[in-house]
Amino acid sequence: MVLEATMICIDNSEYTRNGDYSPNRFQAQADAVNLICGAKTQSNPENTVGVLTMAGKGVRVLVTPTSDLGKILACMHGLDVGGEMNLAAGIQVAQLALKHRQNKKQQQRIIVFAGSPVNYDKKVLEAIGKKLKKNSVALDVVNFGEEDDGKPEKLEALVASVNNSDSSHIVHVPPSAGALSDVLISTPIFTGDGEGGSGFAAAAAAAAASGVSGFDFGVDPNLEPELALALRVSMEEERARQEAAAKRAAEEASRQGGEQSSNSQDATMTENVSVGALVDENKRNDQTDNETALLEQALAMSMDDPRSSQSGGISMLDADMSDATMEDQDLALALQMSVQDTAADPTSQTEMSEVLGDRSFMSDIISSLPGVDANDPSVRDLLASLRQGEKKNDDKPSDEEK
Amino acid sequence: MNQVDLLDFIDWTGVECLNFKPNKTIANALKQGYREDDGLSLESDADEQLLIYIPFTQVVKLHSINIKGPEEEGPRTVKLYANKEHMGFSNVNDYPPSDTAIFSSENLKGKPVTLKYVKFQSVRSLTIFIEDNQGSVDNTLVQKIAFYGSTVETTDMKGLKKIEDGH
């Protein structure tokens, strides 16, 4: 809780019309200013923030330091963009405004947004910096936009001359870094010195980290961090509950499948499938899709007789083998061997081919599998080859009959 | 007329100091207990100058001032302004000082400097501007600041008591 009086110097020069920051430099800057004002006024009720513009007809103080957030936000509307930025004058006017703050207990801070070139000599800036330091004013600089003429170096020198026990900061924001305000959230300019920032700052930073766009409860996490947190927690609980339910359903289904099938191998297979599917589930965020897919798999396996469950098991083994190999190589090997055994057995072979021959059933199963495209050429080839094998099998018994 | 230490009349909430090093604050030079300790001192930061603003809780008459400091880094030229608010380094030269004192090494060891008494007859606040130091070094050190004077004969509001009206 730093008790602070802050003056924010806005760059409203012609350079801020540039659209390299979305929507343009000036708007990006205005958003960042709003954010900082909110953070400053909320971190301590006695904090005050003032705003001035450095370009236009001259340096103009829009609001003298006040704790009224509405006043600060209102002044940002309808600002004229024009002229050139006068950095030295801006900083000195800001210092004067801070000097006459009402509460002398407040520490003084100037935040400068510099989006246009700096015409001043490095020496001049350093002299100004010394003066600020002497008057115990801290200075934060947000450097964005133009980079010509050694601007970053000049600003670095300015901040270095002011800096007193790490109270002053500089941030360089390239156009590619995303929204100006999002970048500032994680910087000491926004979070304050060393104490991890205010609750507001922390909440906003968390929201930004998890992606504000993903927050679609119709609540602005910046405005109501507690509500946002509660929503997020209940969301996570619900997700965990769904996951557990899905797992239970899968286990039940696999148990039923195991009871029905006389072949013990099927039980192992189905178990493996559910394990693979669970691994899949962890990887996926799309909860509901996965759940239905899982249920369909389980149903397909447990539904009819052993042969259908077996066929389901085999085709699924193809899909899930990669997961199984990742999980447990030995298990995968054992499964492969057992599958080969079954394949060697002629009776089950015919049973299987009967099932495989059922084209509509196969395409049904294949389309229900997650991650398998029924229209994929390789899958079609495979089906075609199975059908050919089935014809041969059909030929064989007829030969024997003769 | 006997002079007293004006320590008790300093309005601590309003005391201000410019250009001091963090952890080397004005309290080290001004507060009782701290100021007697030579190890605790007020030190200038960016250059050798210091600006100290001290408001009083009531109007005082200032007679003399005592500033202690080391031989090299101790203050030399000290300008005093009575009742000047909102002063900064940029406007110290805009007003004539009420008094300018040149501190000798003897003064720095504890001998008070007597001020122009007539200029400090009704002081509500005092601004001390330390312009340079003895050895012209970068940092000025101040171990102790003490004021001696008397309070103006004003009504002591604390002394007022409600008299029981028996009739």
Side-chain angles (χ1 to χ4, degrees), chain A residues 2-5 7 46 48 50 59 61 64-65 88-110 123-139 157-169 188 192-195, chain B residues 10-31 42-57 75 79 81 83-95 124-133 137-142:
Chain A
V2 194
L3 182 53
E4 229 172 28
M7 276 306 283
E46 281 190 68
T48 56
V59 177
V61 178
T64 49
I91 291 177
Q92 286 176 91
V93 169
Q95 199 235 310
L96 203 65
L98 287 174
K99 190 181 153 193
H100 292 282
R101 67 199 184 282
Q102 284 180 327
N103 180 357
K104 299 281 182 185
K105 284 257 180 250
Q106 292 170 326
Q107 286 169 24
Q108 307 166 80
R109 180 175 294 278
I110 299 175
K123 286 255 164 60
V124 179
L125 292 178
E126 276 174 339
I128 293 170
K130 284 257 164 61
K131 203 177 142 201
L132 288 184
K133 186 181 183 181
K134 205 170 160 184
N135 287 289
S136 27
V137 181
L139 176 73
L158 171 65
V159 171
S161 62
V162 182
N163 201 0
N164 194 345
S165 60
D166 265 345
S167 61
S168 301
H169 313 93
D193 302 318
E195 32 183 291
Chain B
I10 292 175
D11 178 11
W12 293 105
T13 56
V15 173
E16 245 190 294
C17 182
L18 288 180
N19 196 28
F20 64 91
K21 265 200 180 131
N23 304 325
K24 303 263 185 183
T25 61
I26 178 70
N28 285 350
L30 213 54
K31 284 207 166 168
L42 165 68
E43 193 176 340
S44 68
D45 190 19
D47 57 11
E48 74 281 3
Q49 298 187 335
L50 279 165
L51 195 68
I52 303 158
Y53 171 77
I54 299 163
F56 295 99
T57 50
K79 289 179 176 171
Y81 303 82
N83 305 328
K84 285 270 179 294
E85 264 133 46
H86 302 302
M87 281 187 69
F89 288 107
S90 49
N91 59 358
V92 278
N93 294 320
D94 294 357
Y95 312 104
R124 285 181 309 278
S125 69
L126 182 72
T127 306
I128 305 170
F129 174 48
I130 298 175
E131 201 167 18
D132 54 12
N133 53 36
V137 286
D138 275 350
N139 288 354
T140 303
L141 253 88
V142 180

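Since this is a predicted model, take the numbers as computed values, not measurements.
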* To do: Please say which of B:Leu18, B:Asp47, B:Leu50, B:Leu51 ends up in a side-chain contact (heavy atoms from CB on, under 4.5 Å) with A:Lys134.
  => B:Asp47
* **A:Asn103 CG: over 12 foreign heavy atoms closer than 6.0 Å** => yes
* Structure fact -> NE2 (A:His100) and CD (B:Glu85) are apart, to the nearest 0.5 Å, by 11.5 Å
* Asked: What part of A:Asn135 lies closer than 4.5 angstrom to a heavy atom of chain B: side chain, backbone, both or neither?
  -> both
* Over all atoms of both residues, closest heavy-atom pair of A:Ser136 and B:Cys17 -> OG-O, 4.4 Å
* Which atom pair, heavy atoms only, marks the closest approach of A:Lys133 to B:Ala46? -> CD-CB, 4.1 Å
* **Pairwise distance CG(B:Asn19) to NZ(A:Lys131) - rounded to 0.5 angstrom** => 13.5 Å
* **Portion of A:Lys105 that has a non-hydrogen atom of chain B nearer than 4.5 angstrom** => side chain
* To do: Indicate the atoms forming the closest heavy-atom contact of B:Met87 with A:Lys99, along with that distance.
  => C-CE, 4.0 Å
* Structure fact -> Under 4.5 Å to a heavy atom of chain A? For B:Asn23 that would be neither
